[in-house]
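All remarks here apply to the structure that follows.
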Number of protein chains: 2
Amino acid sequence: MSDAPPPDADTDPDAVPPAPTGTRGALIRAGLHLFGKTGFAATSTRELAEAAGTNVASIAYHFGGKDGLRRACVEEVARRFQAVLGPDPAPLPDDLPAAAAQARLAFLTTAMIRFLLGRGDGEEVPAFLLREVLGEPALLDIVYDRVIAPRHADLCALWGRASGQDPDSPAVRLGVFAHLGQILYFRLGAAIVTRRMGWDGYGPAEIAAVEARILATLNAALSRGDPP
Amino acid sequence: MSDAPPPDADTDPDAVPPAPTGTRGALIRAGLHLFGKTGFAATSTRELAEAAGTNVASIAYHFGGKDGLRRACVEEVARRFQAVLGPDPAPLPDDLPAAAAQARLAFLTTAMIRFLLGRGDGEEVPAFLLREVLGEPALLDIVYDRVIAPRHADLCALWGRASGQDPDSPAVRLGVFAHLGQILYFRLGAAIVTRRMGWDGYGPAEIAAVEARILATLNAALSRGDPP
DNA sequence: TTGACTTGTTCAATCGTTTGATTGAATTTG
DNA sequence: CAAATTCAATCAAACGATTGAACAAGTCAA
């Protein structure tokens, strides 16, 4: 009933699975777009099929049903994050200097901003993800365990090294969350930001302006460890 | 057919209208909660009526239909923001010192954090609002014009005074957005944040920790104007 | 104080539409 | 040809909206 896809990508943890293709891929892309834009329940299977250029029955065939497509979209989100940030990060070398840690933080920040704000795979990821976070938290586990938690830990290690703080301290963890929150807001609140800025979407110049602003705040926050 | 509520609150711009009561208020509160949690289309009128302790037909009676309830929820969001931040802000006095501007920024930041993260009216506002922003942008206009734009302008004026920059410059505007983005993220991503922090929701101690972190970043960002 | 009438509100029942899922035939692919 | 995939047609369930009856509170004449 739902044994079409060959599942053997979970055994190799370091490999980033390829992007889904064909009708299956088209449906996932349509789901990611429509679920994120309108919501899961608000998107009908007929809309999904039309957006993917196929028939309604394909959803049941490939994913077992509408809910299976949702699950596949969550996994696709995880895959896209892996594709941008690389496979799971290695532990930090002990002799990494603070300046190098700060530079890598800046690099990852820039990569994230360009991924989320620019045209491409990242554009519709946060909206979809947020709907999952706000609604039923069951499916969030997949993304949290496979992407968020290890990435956040990596960023905390870098942040701690760069600022001379304990990477496991609440202050560092909150600092990383607040830092990421800025980036996500520029995507989720794009409608508000671009209107207030007088922009017509995020072009290269606009992305560069956001980058400059967030990197400046990052460096300022890192230089000042907050007093106890 | 839909002339039940007495509309005469728009003429007085400085007054914060009272919170809606009775069945009408219960429906708005149910809408704010369920629309934000599950989504507009995912919430049935029967669920709304049950959550509000009334009958389905009350929705059509008070709001003309499900979409009218959505519109009423948007206006309630605007009202709640006004209730916390006060009526529309006055222009900054010319002789306001930078330190005073920075102090007021910190005060408004704290008020916002407690409003959005603590228990109460603000808790479910961002989720509902974001669903509106991501979906049909038509209803966003109400909130944008009545709340976001004037508030953002006020914050930009304070930010410019505190940091010695032009309050109308893109850098300042982006700085204010990034600053607000941090706060909103702690509400929208609460499921992720609390899990990673090992917290059980946002209690007073947790809110204080978030406050400390965001205020530290704010002060750091204000002290350092970013170089051109 | 009555009783009939009005107004504002809520109720159960019902309507036509749209939903996700299913089915068996048709089509493509190897 | 046979397996994999897509198609048009169809189903029961759930949807938003509507309807006319029912209820509560107030008004006014007698």
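Sequence lines set the chain letters: A, B, ... in the order given, protein chains first and strands last, and positions in each chain run from 1.
dG16(D) atom C1' lies 14 Å from atom CZ of Arg70(B), rounded to whole Å. Following rounding to the nearest Å, Leu27(A) (CG) and dA21(C) (C1') show an atom-to-atom distance of 15 Å. Rounded to whole angstrom, the span from the CZ atom of Arg46(B) across to the P atom of dA13(C) amounts to 13 Å. When the P atom of dT9(C) is taken as reference, atom CZ of Arg24(B) falls 10 Å away, rounded to whole Å. Here the P atom of nucleotide dT19(C) and the CG atom of Leu69(A) are 16 Å apart, to the nearest Å. Atom-to-atom, CG of Leu48(A) to P of dG20(C) comes out at 8 Å; the value is rounded to the nearest Å. Computed from coordinates, the Leu34(B) CG to dG16(D) C1' distance equals 16 Å when rounded to whole Å. Phe35(A) places its CZ atom 9 Å from the P atom of dG20(C), with the value rounded to the nearest Å.
Dashed line: the shortest gap from a side-chain N or O of Asn55(B) to OP1 or OP2 of dA12(C) is under 4.0 Å. Regarding contacts with the backbone of dT6(D), a side-chain N or O of His62(A) is found under 4.0 angstrom from either OP1 or OP2. Taking only side-chain nitrogens and oxygens, Ser44(B) never comes nearer than 4.0 Å to OP1 or OP2 of dA14(D). Thr54(B) has a side-chain polar atom (N or O) that falls below the 4.0 Å cut-off from OP1 or OP2 of dC11(C).
For the residue pair Arg173(A) and Asp168(A), the shortest heavy atom distance occurs at NE-O, 3.8 Å. Between Leu48(B) and Leu27(B) the shortest heavy-atom distance is O-CD2, 4.0 Å.
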N/O contacts under 3.5 Å, protein versus nucleotides 26-28 of chain C?
none

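The list of salt bridge (charged side-chain N to carboxylate O under 4.0 Å, His left out) pairs with a residue in residues 186-209 of chain B, not counting sequence neighbours, reads Asp141(A)-Arg195(B).
By the salt bridge (charged side-chain N to carboxylate O under 4.0 Å, His left out) test, Arg114(B) is found to be paired with Glu211(B), residues two or more places apart in sequence or in another chain being considered.
Contact check for Phe177(B) versus Ile192(A): side-chain heavy atoms found under the 4.5 Å cut-off. By the 4.5 Å heavy-atom criterion applied to side chains, Glu132(B) and Cys73(B) are not counted as neighbours.
If you find the closest nucleotide of DNA chain C to Val56(B) and to Gly22(B), the one lying nearer the 5' end belongs to Gly22(B). Nearest-nucleotide mapping onto DNA chain D: of Ala57(B) and Lys66(B), the residue sitting toward the 5' end is Lys66(B).
Between Arg80(A) and Glu76(A) there is a salt bridge, since a side-chain N of the basic residue sits under 4.0 Å from a carboxylate O of the acidic one.
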